[in-house]
Structure formats: C-alpha cells, structure tokens
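Okay, so here's the structure we're looking at.
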Amino acid sequence: MSKRVTQQLCIAAISVVLTVGLFFIVESKQAMFRWSMATAYAGLTLIGLSLIIGPMNVLRGRPSPLHTSLRRDIGIWGGILGLVHTVVGLQVHMGGRFWLYFVFPIEENLPVPMVRYDFFGLANYTGLGVSLVLALLLCLSSNAALTKLGSHRWKSLQRWNYAGFALLIVHGAVYQLVEKRTVGYVLVFATAVLLVVALQTAGCREFLQKNKQGTRQ
C-alpha cells in the first residue's frame with residue numbers, strides 16, 4: 001500500500017471517528033440535526049487545518065510549496081464533509097421542502113415570489129456559496145487538474161478557498177444567531193475561526209516581510 005493511500009485512509013478514519021463522536025455529543029432528539037451539526041463542525045475542523053498548514057510552515061521558517069499531499073488530503077475530506085453537511089442540513093428544517101431555505105413560502109402571501117432576505121436566507125445563501133467553492137476545490141484536488149491548468153491558473157482558482165472560508169464564517173455566525181445556539185457551540189466556532197484568521201494573518205505578514213527583505217538584498 002502506497003504512502004498516499006495510507007495517508008488518505010488515516011484521514012478518512014479520523015474524519016469518520018470525529019463525525020460520529022460529535023454526533024453522540026450533540027444533544028437533540030432529532031437525528032438529522034445531530035448529523036448536520038456533526039458534519040458541520042468536523043468539516044470546519046478539517047478545512048481549518050488545511051488553511052493553517054501553509055502559514056505554520058512560513059512562521060516556522062519551512063518551505064511552503066504550491067501544494068502538499070497532506071494539506072490536499074485534509075482539504076479533500078473537509079470538502080466532502082462540508083458537502084455532506086449541505087445535503088443533511090437541507091433536511092433539518094421546513095419538513096424537507098429544501099427550496100424554502102432560499103425563497104419565502106407561499107403562505108407568506110407576498111405579491112410575487114421572493115428570495116429570502118431575512119437572516120435565515122442569508123445563512124443559507126452563504127452556505128450555498130461555500131458548497132460551490134468546496135465543489136470547485138474538490139475538482140482541483142488532483143495532480144491531473146494541476147497539470148492541465150498549469151501552476152499559475154490552478155493557484156488562482158485554488159485561492160477561492162479564502163472566499164469560501166469567509167462565506168463559511170458568515171454562514172456559521174448567522175446560524176448561531178438564528179438557532180440561538182448555546183455558549184459551547186459559539187465558543188468552539190469562534191475559537192476555530194479566530195485561530196485560522198490569526199495564523200493566516202501572521203503567515204501573510206511573515207511572507208511579505210521576507211519578500212521585502214529579499215528585494216532589498
């Protein structure tokens with residue numbers, strides 16, 4: 001068995017254990033809600049890890065290549081969990097009528113059908129944006145994609161992960177408000193987000209500083 005396959009299997013196993021563990025931690029009588037929360041927080045953990053590997057390398061003075069198999073594989077499973085969360089999450093509210101996540105119900109008696117412009121709609125549209133970014137990143141997560149697109153174009157598309165994470169922050173934060181989540185959920189979400197943002201910011205500053213020093217030399 002190759003090192004890459006072993007790595008993939010290990011990350012897959014960790015992803016499953018983390019998701020199942022969170023499912024049993026979440027307190028709710030609704031199984032679909034528990035799976036939604038479990039995949040959301042497990043996905044957030046893996047996506048966050050994939051985003052801090054590069055900055056941590058920079059801060060430790062190590063080379064940060066265009067991509068590494070570890071970062072890519074963690075990102076792949078984070079993306080998979082994120083998409084699973086989207087599918088599961090659309091079954092939690094509205095009795096399975098998933099379109100009502102994005103448009104107001106007919107019972108609202110609006111003059112014309114309208115997209116949801118409330119906080120619930122904002123949370124769901126940003127969540128949809130995250131899903132589209134994750135789908136794009138999963139399509140890019142192969143050597144074939146890198147070879148076909150070339151490093152410059154591949155990297156420009158891969159940078160959508162930052163936009164995706166920004167949408168994820170809005171999506172998660174608004175849902176904390178809409179569902180009036182308990183302090184524990186809020187703290188875990190806020191800690192994960194702040195850690196990623198802090199390390200990304202520190203890594204970017206270190207990278208720019210090193211480039212500036214190199215230019216002067």
Side-chain angles (χ1 to χ4, degrees), residues 8 10-28 30-56 68 70-93 101 119-120 122-138 140-141 158-203:
Q8 279 274 11
C10 287
I11 297 173
I14 292 171
S15 302
V16 172
V17 170
L18 180 60
T19 303
V20 173
L22 288 171
F23 173 81
F24 285 106
I25 291 174
V26 174
E27 296 182 357
S28 175
Q30 189 180 6
M32 198 63 72
F33 173 78
R34 294 167 70 186
W35 282 122
S36 175
M37 294 293 286
T39 51
Y41 280 83
L44 173 63
T45 300
L46 293 177
I47 291 170
L49 284 174
S50 71
L51 286 171
I52 66 175
I53 290 175
M56 288 181 67
T68 64
L70 178 61
R71 182 168 54 189
R72 180 169 62 181
D73 290 346
I74 291 175
I76 287 173
W77 284 99
I80 290 172
L81 284 174
L83 293 179
V84 171
H85 166 69
T86 300
V87 175
V88 174
L90 289 174
Q91 315 304 316
V92 175
H93 303 288
Y101 282 69
F119 278 119
F120 187 63
L122 173 62
N124 295 319
Y125 277 108
T126 51
L128 179 61
V130 175
S131 299
L132 293 175
V133 172
L134 290 177
L136 169 65
L137 295 176
L138 286 173
L140 296 174
S141 297
Q158 197 268 342
R159 286 195 178 99
W160 274 95
N161 62 356
Y162 301 114
F165 193 73
L167 290 172
L168 186 153
I169 293 174
V170 177
H171 170 73
V174 176
Y175 254 115
Q176 306 292 327
L177 296 173
V178 170
E179 296 193 335
K180 296 181 175 62
R181 300 264 171 84
T182 58
V183 175
Y185 291 122
V186 176
L187 287 178
V188 171
F189 177 77
T191 300
V193 167
L194 290 175
L195 180 63
V196 173
V197 172
L199 286 172
Q200 279 284 339
T201 302

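Each residue takes its place number in the sequence, starting with 1.
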Could you report the tightest heavy-atom contact between [X] and [Y], atom names first, then the distance?
{"X": "Q8", "Y": "D73", "answer": "NE2-OD1, 2.9 Å"}
{"X": "S36", "Y": "G89", "answer": "OG-CA, 3.7 Å"}
{"X": "S141", "Y": "I76", "answer": "CB-CG1, 3.6 Å"}
{"X": "L134", "Y": "G82", "answer": "CD1-CA, 3.8 Å"}

Side-chain contact test, heavy atoms from C-beta onward, threshold under 4.5 Å: evaluate it for [X] versus [Y] and give yes or no.
{"X": "L128", "Y": "N124", "answer": "no"}
{"X": "I74", "Y": "I53", "answer": "yes"}
{"X": "Y101", "Y": "V92", "answer": "yes"}

I need the [X] [atom1] to [Y] [atom2] distance, nearest 0.5 Å.
{"X": "L137", "Y": "L132", "atom1": "CG", "atom2": "CG", "result": "11.0 Å"}
{"X": "Y41", "Y": "H85", "atom1": "OH", "atom2": "NE2", "result": "9.5 Å"}
{"X": "T182", "Y": "Q176", "atom1": "OG1", "atom2": "CD", "result": "8.5 Å"}
{"X": "L81", "Y": "W77", "atom1": "CG", "atom2": "CH2", "result": "8.0 Å"}

Report the C-alpha distance between Y175 and F120 in whole Å, list the side-chain angles of each, state the deciding distance to 0.1 Å, and finish with yes or no for side-chain contact (heavy atoms from CB on, under 4.5 Å). CA-CA 7 Å; Y175 254 115; F120 187 63; 3.4 Å; yes
Could you give the side-chain donor-acceptor pairs of residues 186-202 under 3.5 Å, partners two or more places apart or in another chain?
from: T191; atom 1: OG1; to: L187; atom 2: O; distance (Å): 2.7
from: Q200; atom 1: NE2; to: L51; atom 2: O; distance (Å): 2.4
from: T201; atom 1: OG1; to: V197; atom 2: O; distance (Å): 2.7

Under the criterion side-chain contact (heavy atoms from CB on, under 4.5 Å), I'd like the reasoning laid out for M37 against Y185: C-alpha separation, chi angles, the key distance, then a yes or no. CA-CA 10 Å; M37 294 293 286; Y185 291 122; 3.6 Å; yes
For I52 and M56, what are the C-alpha separation, side-chain angles and deciding distance, and is it a side-chain contact (heavy atoms from CB on, under 4.5 Å)? CA-CA 6 Å; I52 66 175; M56 288 181 67; 4.0 Å; yes
Of V170, L168, I47, L83, the residue whose pairing with V130 passes side-chain contact (heavy atoms from CB on, under 4.5 Å): L168
Output a table of donor-acceptor pairs, distance under 3.5 Å, between side-chain atoms of residues 10-28 and any protein atom two or more places apart or on a different chain; print 'none' if there are none.
from: S15; atom 1: OG; to: I11; atom 2: O; distance (Å): 2.7
from: T19; atom 1: OG1; to: S15; atom 2: O; distance (Å): 2.7
from: S28; atom 1: OG; to: Q30; atom 2: N; distance (Å): 3.1

